[in-house]
2 protein chains.
Amino acid sequence: MSSSIDVAKKAGVSQATVSRVLNNPQSVKPETRMKVLQAIEQLQYVPNLIARSLVTNTTRTIALISGSLQNGFFAETTDSIVQFAKHKGYKTLVYFEDENKVPDLFDLIMSSKVDGVLLSLIKLDDPLVEQLERVKVPCVFFNRRSKSGGHYVVLDNPSAVAEVTRHLIGLGHRKIAYLSGKTDFSTFQERSVGFKQVMQEHGLEMKPEWTSFIDTTTEEIERMVFTMLNRPELPTAIICATDAIALICMDIILMMGLRIPEDISLSGIDNTRMASHRAVQLTTVGHQKFAMGTIAAESLFELIEKGDSERNAIQITLRPELIVRKTTGPVNSSGS
Amino acid sequence: MSSSIDVAKKAGVSQATVSRVLNNPQSVKPETRMKVLQAIEQLQYVPNLIARSLVTNTTRTIALISGSLQNGFFAETTDSIVQFAKHKGYKTLVYFEDENKVPDLFDLIMSSKVDGVLLSLIKLDDPLVEQLERVKVPCVFFNRRSKSGGHYVVLDNPSAVAEVTRHLIGLGHRKIAYLSGKTDFSTFQERSVGFKQVMQEHGLEMKPEWTSFIDTTTEEIERMVFTMLNRPELPTAIICATDAIALICMDIILMMGLRIPEDISLSGIDNTRMASHRAVQLTTVGHQKFAMGTIAAESLFELIEKGDSERNAIQITLRPELIVRKTTGPVNSSGS
DNA sequence: TTGAAAGCGCTAACAG
DNA sequence: CTGTTAGCGCTTTCAA
């Protein structure tokens, strides 16, 4: 591995000049520039970004803290974020965390000297936001947000669930189950609000056995659905707080020999890729495809490049759009 | 942001001692260690890993060059790799590249000073392998490999396709289509070999209209399937070289109102998560779930920590296992 | 337009 | 067991 000093020697210039042709080419005389460029070529010189970072105190790297890629939503946002970052000349350091233990993230971020952080996994009361704010590391949340504010881009969650709930009620459903992650995440907290509200508006009961806020692991969801569908009285519709949950839910429903939507209507939220697949055709609530990740990334780079500042908090709420497909239908569309 | 010098001052020791309690705690007297630890605590000191990297010439970071996460296989391997790396104390820098342009990857890798590279996107004749070998950056390929050898973990691709082809022939299929990515990737090259061989063994014809090696973009695949199914004579089975291809293929088949498997049998390879979903139930060829990514990562860390060496090339071939589900059935199981 | 020199924050000899 | 010192490879004044 040759260094800029080697290049300098070969080109017969000072090391500082090598640095100049790399960072500010027009500040160096064309002839010398050529000599340096040639030397770089011959030595296959590649600048050491670590050394550069140490002096500039920037890394052109962002950290992405996301949920597991098993969840199509995170796979899609991660894909678009990494893509976009690359396009902007940034590298992406990823962490796919368990919901529960978003650990010494602060130390991780600080020690890695990333230029910014994109976070989709944060609890409502997570102290991380304040910590990051104190040390002024640009940070944008997407999908979820924290109580303490910060920059974020989220879906209008209450409306999203409200729409799908109204849709189901409009189809004649009264016995509606709600399957969600735990409410210490803003996503699930906000979505549950929308559900409750519409149910109340219509004077409908939220039966405790049909309303669950659980860990969003496959096992937990499977167990929950299985238990629910083994009771004597079944709901006629299940609203899932995410497509990922709905997909798992669908798996169990079909496994138990029930038909969708004839026996049970099913809906999700997020409009992930699989939701539109013809073998699935999940009724869901969408927001512009890939938008959330890209918008979040875009916002982050703005913060990084223009400098963060309290006044213009980036707080974007995407408008939801109900997408009716084949998993929801009129109640008792075939007798039961 | 306080540095180790600040800590040293506060604790009344030299900066080198601070470094010691971080890297070799037992080499420093318990009392002084405590003083230093306290100072670290009070100042909220977090070591600057950039500076450390500059001197140690290691980053505890690996690069992962993977295909798009839209493909479930890559989503699963990426998830497990990042997870595993984190568990080993490594960070992961990810790139989700387009198949075609795996660009100045070499410069990228060199300048980032990653400790190792995991690659699932490489053409058979890619010069990158030799380049990396020359500069001695530990590097493991998974899923795909290069002509020039190197370390890799792959599926026994010819056998994988052979098994599924025999399965279909056993079901009475004679008009079998084959849908694959381009053969400048080892995966597709090797899989096509298995297909050809078994077809020949059984004296079956590979019709050009039914045998395509195309870009694995959704659009290309959709167009191909659509064209194929609009011709007067239809195949009775389509073997797809990956689950991702099969999933897209299924989408179009269903859209065109054809039934699976009654009209057309369909199979994939990889046993991705969605393949087992009850709405899909894709017949496929599996290898231990998540194994490929994890094995590759494991191998890489071995190379990094024990040191690379020519003699013990890591070349692992996973045994395939046919998983028969609901998308394949006897030919003409209902009249056509 | 170029070179010399001072660090960035840390690790790792080498003395003591 | 601890302090002193010399870099790691680069950017960035400051002079020339």
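Computed from a predicted structure; not experimentally measured. In what follows, chains are A, B, ... by sequence order, proteins preceding strands, each numbered from 1.
When all heavy atoms of A:Ser4 and A:Val18 are compared, the closest pair comes out as O-CG2, 3.7 Å. The minimum heavy-atom distance between A:Ala297 and A:Phe84, with the atom names listed, is CB-CD2, 3.6 Å. Closest non-hydrogen pair, A:Gln42 versus A:Lys10, comes out as OE1-CE, 2.9 Å. Across B:Leu118 and B:Ile62, no two heavy atoms sit closer than the pair CD2-CD1, 4.1 Å. Across all their heavy atoms, B:Leu22 and B:Ile40 have their closest contact at CD1-CD1, 3.7 Å. Taking all atoms of both residues into account, the shortest heavy-atom contact from A:Ser112 to A:Thr59 is O-CG2, 4.1 Å.
In this entry the distance linking CD1 of B:Ile5 with P of C:dG7 reads 11 Å, nearest Å. In this structure, the CG atom of B:Asn24 is 12 Å from the C1' atom of C:dT11, given to the nearest Å. The nearest whole Å value for the distance from the CZ atom in B:Arg60 to the C1' atom in C:dC10 is 17 Å. Counting to the nearest Å, the P atom of C:dG9 and the CG atom of B:Asn57 are 20 Å from each other. Spacing between atom CG of B:Leu49 and atom C1' of C:dT11 amounts to 13 Å, rounded to whole angstrom units. Rounded to whole angstrom, the span from the CG atom of B:Asp6 across to the P atom of C:dC8 amounts to 11 Å.
The stretch residues 39-48 of chain B touches DNA chain C through B:Tyr45, B:Pro47, B:Asn48, each having a heavy atom under 4.0 angstrom from the strand. Residues of residues 27-35 of chain B having a heavy atom closer than 4.0 Å to DNA chain D, listed by number: B:Ser27, B:Val28, B:Lys29, B:Thr32.
Taking the six-membered ring where the residue is Trp, B:Phe188 and B:Phe185 present perpendicular rings, their angle passing 60° and hence far from 30°. Relative orientation of the A:His287 and A:Phe73 rings is perpendicular, given thresholds of 30° and 60° on the angle between their planes.
Once rounded to the nearest 0.5 Å, the distance linking CG of A:Leu119 with CZ of A:Arg145 reads 15.0 Å. Taking CG from A:Leu64 and OG1 from B:Thr92, the interatomic distance works out to 11.5 Å, rounded to the nearest 0.5 Å.
Side-chain contact check for A:Leu49 versus A:Arg60: every heavy-atom pair is 4.5 Å or farther apart. A heavy-atom distance below 4.5 Å is not found between the side chains of B:Ile314 and B:Val153. B:Asp115 is not listed as a side-chain neighbour of B:Pro138, based on a closest heavy-atom distance of 4.5 Å or more.
Protein chain A touches strand DNA chain D; the 5'-most and 3'-most nucleotides with an atom under 4.0 angstrom of its non-hydrogen atoms are D:dG9 to D:dT13.
Contact annotation: B:Ser4 does not reach the phosphate of C:dG9 (side-chain N/O to OP1 or OP2, under 4.0 Å). Between B:Ser3 and the phosphate of C:dG9, there is no side-chain N or O to OP1/OP2 separation shorter than 4.0 Å.
Using a 4.0 Å heavy-atom cutoff across all strands shown, A:Val18 reaches no nucleic acid atom at all.
Ring centroids of A:Phe301 and A:Tyr90 are separated by less than 6.0 Å, placing the two rings close together.
Every side chain to side chain contact (heavy atoms under 4.5 Å, CB included) that A:Lys9 has, sequence neighbours left out, goes to A:Ile5.
Residue A:Phe141 forms a side-chain contact (heavy atoms from CB on, under 4.5 Å) with just one option from A:Leu128, A:Leu121, A:Ile122, A:Asp126, and that option is A:Ile122.
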Any protein N or O atoms within reach of nucleotides 12-16 of chain C? Criterion: under 3.5 Å, listing atom names and distances.
| unit_1 | atom_1 | unit_2 | atom_2 | d |
| --- | --- | --- | --- | --- |
| C:dA13 | N6 | B:Arg20 | NH2 | 3.3 |

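Recorded end-axis angle for the helix from C:dT1-D:dA16 to C:dG16-D:dC1 stands at 40°, based on five pairs per end and rounded to 10 degrees.
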